[in-house]
Amino acid sequence: MIRTVESQPSASAPVLAAYSYCETVTGQQARNFAYGIRLLPTPKRRAMSALYAFSRRVDDIGDGPLPEDVKAARLEDTRALLTRIREGAVEEDDTDPVAVALSHAAAHFPIPLGGLDELIDGVQMDLRGEAYETWDDLKVYCRCVAGSIGRLSLGVFGTEPGAHGVERASEYADTLGLALQLTNILRDVREDAENGRTYLPADDLAKFGCADGFAGPTPPQGSDFAGLVHFEVRRARALFAEGYRLLPMLDRRSGACVAAMAGIYRRLLDRIERDPEAVLRGRVSLPGREKAYVAVRGLSGLDTRHVARRTVGRRA
């Protein structure tokens with residue numbers, strides 16, 4: 001069972017300033033993530049912002065315009081910084097606010113920092129230009145860049161005492177991360193193609209006549225692009241259904257956070273399913289009012305109660 005400290009962790013002025021920096025980064029750059037973590041109590045919200053800020057740094061290195069060798073060196077520097085954080089070697093007056101905030105969060109929550117090593121591994125896979133022949137191959141990448149974030153977040157959320165099946169909480173958090181990442185891959189298929197990246201499994205692309213890739217705003221001639229998208233949507237929905245089994249294991253506000261973040265991506269998936277070619281014309285997104293509705297729905301506990309009823313029904 002994973003438990004977290006619910007009381008406000010004591011923090012010095014430098015630590016509070018570091019958290020404030022991380023929350024600013026999260027608010028400015030996390031289009032969907034921020035809607036969920038606003039629902040958390042202050043200690044957990046700050047810890048999640050520190051995790052996001054560090055993760056964002058890793059992602060920005062991978063996605064930035066620097067030469068490949070410079071990116072590789074910076075990733076190794078970031079891994080070395082993570083080692084310092086893990087060893088408790090970052091002082092409160094360190095000039096890196098992300099390191100200060102994450103060090104404080106890791107001292108107060110059982111965050112499995114190895115997940116951030118996995119994230120760095122995943123970005124290194126991008127730098128190597130790896131492609132994925134099968135879904136099993138792609139899952140390895142998705143677990144590095146997204147399943148790891150689910151497991152890291154669970155370290156902050158904790159689990160409720162006596163929750164049924166709690167020994168599988170980490171597995172469900174990982175699976176929910178895979179669901180979110182596959183949704184991201186579908187949403188960004190054109191943008192990724194323009195950047196020379198292909199994430200969808202090669203055998204799926206071949207099956208639906210899309211092996212030539214996605215160079216323009218229309219599907220490859222003679223392909224069944226809608227069939228490909230609907231196939232991947234079904235896969236993502238199955239992952240969401242499995243990952244949602246985590247919700248009844250969390251306290252109310254942590255469950256609301258997860259339901260809000262996952263709910264936004266599920267609605268993105270709905271939009272992609274209704275109009276598959278939209279992902280070739282531009283980035284599919286939700287308006288702010290719809291994201292706010294999903295957050296309120298998460299706070300109401302509707303999704304958690306639904307999953308709990310379904311789980312009890314299966315056990316009966």
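The residues of the chain are indexed from 1 along the displayed sequence. For clarity, every value in this text was computed on a predicted model and none was experimentally measured.
At most 12 heavy atoms of other shown residues, nucleotides or ligands fall within 6.0 angstrom of atom CD in E91. By the neighbour-count criterion of 12 heavy atoms within 6.0 Å, atom CZ of R128 is densely surrounded, having more than that number from other residues, nucleotides or ligands.
Once rounded to the nearest 0.5 Å, the distance linking SG of C210 with CG of L228 reads 5.0 Å. Once rounded to the nearest 0.5 Å, the distance linking CZ of F109 with NE2 of H104 reads 9.0 Å. Going from atom CZ of R235 over to atom CG of L186 covers 10.0 Å, rounded to the nearest 0.5 Å. Here L180 contributes atom CG and N32 contributes atom CG; the two are 8.5 Å apart, rounded to the nearest 0.5 Å. Expressed to the nearest 0.5 Å, how far CD1 of I149 lies from CG of L176 amounts to 12.5 Å. Here the straight-line distance linking atom CE of M261 with atom CD1 of I37 works out to 8.0 Å at 0.5 Å rounding.
When atom types are taken as modelled, the side chain of S103 and the backbone of A99 share a donor-acceptor pair closer than 3.5 angstrom.
The shortest distance between side-chain heavy atoms of D174 and L154 does not fall below 4.5 Å. The shortest side-chain heavy-atom distance between E160 and D251 falls under the 4.5 Å cut-off. For the pair L246/E171, no side-chain contact is recorded, criterion being any heavy-atom separation below 4.5 Å from C-beta on. Side chains of L250 and V258 form a contact here, defined as non-hydrogen atoms less than 4.5 Å apart. Proximity of D117 to R86: side-chain heavy atoms (C-beta onward) are separated by under 4.5 Å at one or more points. Side-chain contact check for P219 versus E277: some heavy-atom pair is nearer than 4.5 Å. The side-chain heavy atoms of C22 and R46, taken from C-beta on, include no pair separated by under 4.5 Å.
Taking every heavy atom of both residues into account, K44 and S254 meet most closely at NZ-OG, 3.1 Å. Heavy atoms only, all atoms of each residue included: G115 and L152 are closest at C-CD1, 3.9 Å. Taking every heavy atom of both residues into account, Q181 and A146 meet most closely at CB-CB, 3.5 Å. In terms of heavy atoms, L200 sits closest to L205 at O-CD1, 3.8 Å. Contact detail for P112 and R151: the closest heavy-atom pair is CG-O, 3.6 Å. Nearest heavy atoms, S148 versus V145: OG-C, 4.0 Å.
Listed by chain and number, the residues in a side chain to side chain contact (heavy atoms under 4.5 Å, CB included) with D212 amount to none (sequence neighbours excluded). Residues passing the side chain to side chain donor-acceptor pair (under 3.5 Å) test with R283, sequence neighbours excluded: D188, E191. Looking at residues two or more places apart in sequence or on another chain, you find a side chain to side chain contact (heavy atoms under 4.5 Å, CB included) between D94 and R84, V90, D96, V100. The side chain to side chain donor-acceptor pair (under 3.5 Å) test applied to D137 returns T134, not counting sequence neighbours. Partners of D77 under the salt bridge (charged side-chain N to carboxylate O under 4.0 Å, His left out) rule, at least two apart in sequence or in another chain, do not exist in this structure. Considering only residues two or more places apart in sequence or on other chains, D275 meets the side chain to side chain donor-acceptor pair (under 3.5 Å) condition with R281. Applying the side chain to side chain contact (heavy atoms under 4.5 Å, CB included) test to S285 and every residue at least two apart in sequence or in another chain returns nothing. Partners of T218 by side chain to side chain contact (heavy atoms under 4.5 Å, CB included), not counting sequence neighbours: none found.
For the side-chain hydrogen bond (donor to acceptor under 3.5 Å, both in side chains) condition, the pairs that include at least one residue of residues 61-75, sequence neighbours left out, are D63-R197. Residue pairs meeting the ring pair (Phe, Tyr, Trp, His ring centres under 6.0 Å) criterion with at least one member in residues 209-232, sequence neighbours excluded, are F208-F231, F214-F225. Sorted by first and then second residue, the ring pair (Phe, Tyr, Trp, His ring centres under 6.0 Å) pairs involving residues 46-82 (not counting sequence neighbours) are F33-Y52. For residues 170-201, every residue pair satisfying the ring pair (Phe, Tyr, Trp, His ring centres under 6.0 Å) rule, not counting sequence neighbours, is listed here: Y141-Y199.
L66 and M125 are assigned to two separate hydrophobic clusters, defined by single-linkage of ILVMFWY side chains at heavy-atom distances under 4.5 Å. Taken together through direct or relayed side-chain contacts under 4.5 Å among Ile, Leu, Val, Met, Phe, Trp and Tyr, L127 and V70 form parts of separate hydrophobic clusters.
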ask   = Please walk me through it: do D121 and R79 pass salt bridge (charged side-chain N to carboxylate O under 4.0 Å, His left out)?
value = CA-CA 10 Å; D121 292 341; R79 197 187 294 276; 2.8 Å; yes
message = V233 vs T183, test: side chain to side chain contact (heavy atoms under 4.5 Å, CB included). Steps then yes/no.
response = CA-CA 8 Å; V233 165; T183 304; over 6 Å; no
ask   = Should D136 and K139 be marked as a salt bridge (charged side-chain N to carboxylate O under 4.0 Å, His left out) after you check the CA-CA gap, both sets of side-chain angles, and the distance that decides it?
value = CA-CA 5 Å; D136 283 341; K139 276 196 295 188; 3.4 Å; yes
inquiry  = side chain to side chain contact (heavy atoms under 4.5 Å, CB included) for V123 and I61? Distances and angles first, verdict last.
reply    = CA-CA 8 Å; V123 174; I61 292 171; 5.6 Å; no
task = Kindly determine whether V296 and K291 satisfy side chain to side chain contact (heavy atoms under 4.5 Å, CB included), including the steps that lead there.
result = CA-CA 9 Å; V296 171; K291 293 179 183 179; over 6 Å; no
inquiry  = Checking S49 against Y19 for the side chain to side chain contact (heavy atoms under 4.5 Å, CB included) test, could you report, in this order, the C-alpha distance in whole Å, the side-chain angles of both residues, the deciding distance, and whether it holds?
reply    = CA-CA 7 Å; S49 294; Y19 276 130; 5.8 Å; no
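Just one of R267, R237, R234, R266 meets the salt bridge (Lys or Arg N to Asp or Glu O under 4.0 Å) condition when paired with E273; it is R237. Of the candidates D192, L269, L182, I272, I272 is the only one forming a side chain to side chain contact (heavy atoms under 4.5 Å, CB included) with R187.
Checked by atom type, the side-chain pair E242/T175 shows no donor-acceptor distance below 3.5 Å. Under 3.5 Å, the side chains of Q124 and E130 contain no donor-acceptor pair of N or O atoms.
By the 6.0 Å and 45° rule, R38 stacks over the aromatic ring of Y35.
At a threshold of 4.0 Å, the pair D60-R57 does not count as salt-bridged, since none of the basic side-chain nitrogens sits closer than that to a carboxylate oxygen.
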